[in-house]
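Step one of this worksheet: look at the structure below.
Quick note: residue numbers are just sequence positions, from 1. Read the numbers this way: they start at 1 and go in the same order the structure lists the ligands and their atoms.
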Amino acid sequence: MRRNQHAWNLRTAAHLESDFYDVASFKAGGSSLRPLELAELGDVRGKSLLHLMCHFGMDTLSWARMGAEVTGADFSPDAIAKARELAAEVGVDATFVCANVYDLPEVLEGTYDIVVMTYGVLYWLPDLVALGRVVARFLKPGGIFSVIESHPMNGVASWVDDHLEVTGRYFREGRGEYEVTETYADSRPLPPHPESTWPFTVGELVTALATAGLRVTRVRELPVDVRQRNPELVQDQDGFWRLPGDPLPLMLTLTATIP
Ligand SMILES: C[S@@+](CC[C@H](N)C(=O)[O-])C[C@H]1O[C@@H](n2cnc3c(N)ncnc32)[C@H](O)[C@@H]1O
């Protein structure tokens with residue numbers, strides 16, 4: 001886990017400077033939330049919201065600006081320090097906790113109306129059953145767990161000339177170890193560093209959450225991405241990016257409750 005923590009400290013520094021995160025617009029009063037999570041969570045006014053793996057907190061603080069009482073948690077000390085700094089600078093009330101998601105029950109109390117995690121989170125976690133148990137611990141009865149994530153099929157096939165070519169594997173097992181020098185949010189290189197990720201399938205995700213005692217109420221597989229991950233993606237009128245003909249799921253949303 002240490003290597004990933006170091007990786008996310010490096011990425012945090014780069015992301016704060018990036019056009020992708022556009023911190024200046026957020027500081028000027030804008031929201032970093034996208035239509036997908038706005039639609040999934042609906043009206044958050046007056047609700048307690050726990051944002052897991054919140055990075056440097058812009059989404060967390062955007063939900064606070066919409067009237068939620070927010071707590072953000074992340075294991076990167078640099079990300080959490082920036083999140084606290086940002087909250088103070090824009091004058092938004094929020095609690096930020098620095099912890100590995102698996103250790104959160106040891107350092108955070110209470111239960112929440114909404115537990116949410118979004119965009120690039122699940123494949124950093126080696127044990128989705130344990131994640132489900134953490135979520136179940138923090139959900140209020142009647143509360144909602146919401147995940148918005150890249151679909152694990154995203155990147156498995158690419159559009160080459162006029163046909164799709166399989167370029168990766170959906171069924172991958174075990175830990176992926178990579179030497180990394182880049183990040184999705186910025187074109188400038190990062191210092192070379194190792195990262196570990198854990199692939200999952202939709203079946204494994206749903207089964208893990210059910211095993212942890214959650215009741216999965218909805219899974220949506222969407223043919224759209226929120227960013228142009230590769231050049232063959234074309235932007236639609238709603239701002240989403242799609243492969244011509246919508247041949248593959250690119251994003252997924254999942255909602256669960258506790259029985
Ligand atoms: C891709 S970012 C999430 C993006 C976020 N939704 C946003 O909009 O900026 C993934 C985050 O997960 C955090 N993370 C990765 N593994 C973690 C773990 N085991 N426990 C807690 N946080 C973790 C990283 O520090 C990083 O901030």
Side-chain angles (χ1 to χ4, degrees), residues 1-23 25-26 30-38 40-41 49-65 70-84 86-87 94 96-108 114-135 137-138 146-150 154 175-176 178 180 182-186 190 193-200 225-227 229 251-254:
M1 246 355 132
R2 281 256 164 85
R3 51 171 48 190
N4 281 354
Q5 223 170 356
H6 173 63
W8 278 103
N9 283 336
L10 291 175
R11 283 176 183 240
T12 298
H15 291 184
L16 285 161
E17 303 297 320
S18 69
D19 291 343
F20 181 91
Y21 277 95
D22 191 9
V23 177
S25 294
F26 172 78
S31 169
S32 59
L33 298 169
R34 300 180 166 109
L36 205 49
E37 52 266 31
L38 291 172
E40 284 291 311
L41 294 194
L49 180 151
L50 173 60
H51 184 192
L52 300 178
M53 303 169 75
C54 68
H55 204 23
F56 59 90
M58 273 204 319
D59 287 358
T60 326
L61 295 169
S62 295
W63 276 307
R65 279 179 169 160
V70 301
T71 300
D74 198 286
F75 77 167
S76 155
D78 290 8
I80 289 299
K82 284 294 166 190
R84 289 179 180 144
L86 208 51
F96 285 104
V97 182
C98 187
N100 190 320
V101 70
Y102 296 123
D103 300 334
L104 214 46
E106 289 157 35
V107 294
L108 181 67
I114 298 168
V115 178
V116 60
M117 51 202 305
T118 65
Y119 301 117
V121 282
L122 296 175
Y123 54 78
W124 295 102
L125 300 176
D127 185 343
L128 295 178
V129 178
L131 169 72
R133 293 202 178 106
V134 170
V135 171
R137 151 70 189 84
F138 286 110
S146 175
V147 182
I148 298 158
E149 181 58 293
S150 287
N154 198 336
R175 180 162 70 176
Y178 306 97
V180 177
E182 58 188 22
T183 180
Y184 55 89
D186 197 44
L190 293 179
H193 63 278
E195 292 183 357
S196 306
T197 57
W198 289 265
F200 63 93
D225 204 336
V226 292
R227 63 189 171 94
R229 228 173 273 263
M251 299 283 310
L252 73 82
T253 72
L254 179 148

Per-atom filter on ligand 1: closer than 4.0 angstrom to a heavy atom of L125 are 19 (N)
So if I count the atoms of ligand 1 from 1 in the order they appear, which ones are less than 4.0 Å from some heavy atom of Y184?
1 (C)
Look at the aromatic rings of W8 and Y184 and report parallel, tilted or perpendicular, splitting at 30° and 60°.
tilted
Within 45° cone and under 6.0 Å: R65 NZ/CZ vs F26 ring
yes
Has F56 got any heavy atom lying under 4.0 angstrom from an atom of ligand 1?
no
In this structure, atom 12 (O) of ligand 1 is nearest to the protein heavy atom M53 CB, 3.4 Å
Could you check atom 13 (C) of ligand 1 against the protein and tell me its nearest heavy-atom contact, residue, atom and distance included?
D74 OD2, 3.3 Å
Give the numbers and elements of all ligand 1 atoms closer than 4.0 Å to a heavy atom of T118.
3 (C), 4 (C), 5 (C), 6 (N)
Do N4 and F75 have side chains that get closer than 4.5 Å, going by heavy atoms?
yes
Identify the closest protein heavy atom to atom 7 (C) of ligand 1: which residue and atom is it, and at what distance?
Y21 OH, 3.8 Å
Looking only at the aromatic ring of each residue, does the gap between the centers of F56 and Y21 stay below 6.0 angstrom?
yes
Are side-chain heavy atoms of I148 and M251 found at a separation under 4.5 Å?
yes
Considering non-hydrogen atoms of the protein only, which is the closest contact for atom 10 (C) of ligand 1, and what is the distance?
G120 O, 3.4 Å
Closest to atom 20 (N) of ligand 1 (heavy atoms only, candidates I80, L52, V101) is V101
Give the numbers and elements of all ligand 1 atoms closer than 4.0 Å to a heavy atom of W124.
15 (C), 16 (N)
Going by atom types only, do T183 and H15 share a side-chain donor-acceptor pair under 3.5 Å?
yes
Could you identify the single nearest non-hydrogen protein atom to atom 19 (N) of ligand 1 and state the distance to 0.1 Å?
N100 OD1, 3.2 Å
Does the residue Y102 have a heavy-atom contact with ligand 1, meaning some pair of atoms that are separated by less than 4.0 Å?
no
Among all protein non-hydrogen atoms, which one is nearest to atom 4 (C) of ligand 1, and what is the separation to 0.1 Å?
Y119 O, 3.4 Å
Assess, by modelled atom type and distance only, whether the side chains of S76 and N9 contain a donor and an acceptor separated by less than 3.5 Å.
yes
Sub-4.0 Å heavy-atom contact, A99 with ligand 1:
yes
For atom 14 (N) of ligand 1, what is the closest protein heavy atom, and at what distance to 0.1 Å?
F75 CE2, 3.3 Å
Closest protein heavy atom (residue, atom, distance) for atom 8 (O) of ligand 1
D59 OD2, 3.1 Å
For S76, counting its heavy atoms only, list the atoms of ligand 1 lying under 4.0 Å from any of them.
25 (O)
Have H193 and H6 got a donor and an acceptor in their side chains that come within less than 3.5 Å?
no
Do T118 and R34 have side-chain atoms, one donor and one acceptor, less than 3.5 Å apart?
no
Kindly give the heavy-atom pair with the smallest separation between S18 and A185, and that separation in Å.
CB-O, 3.2 Å
Side chains of Y123 and E149 only: does a donor on one sit below 3.5 Å from an acceptor on the other?
no
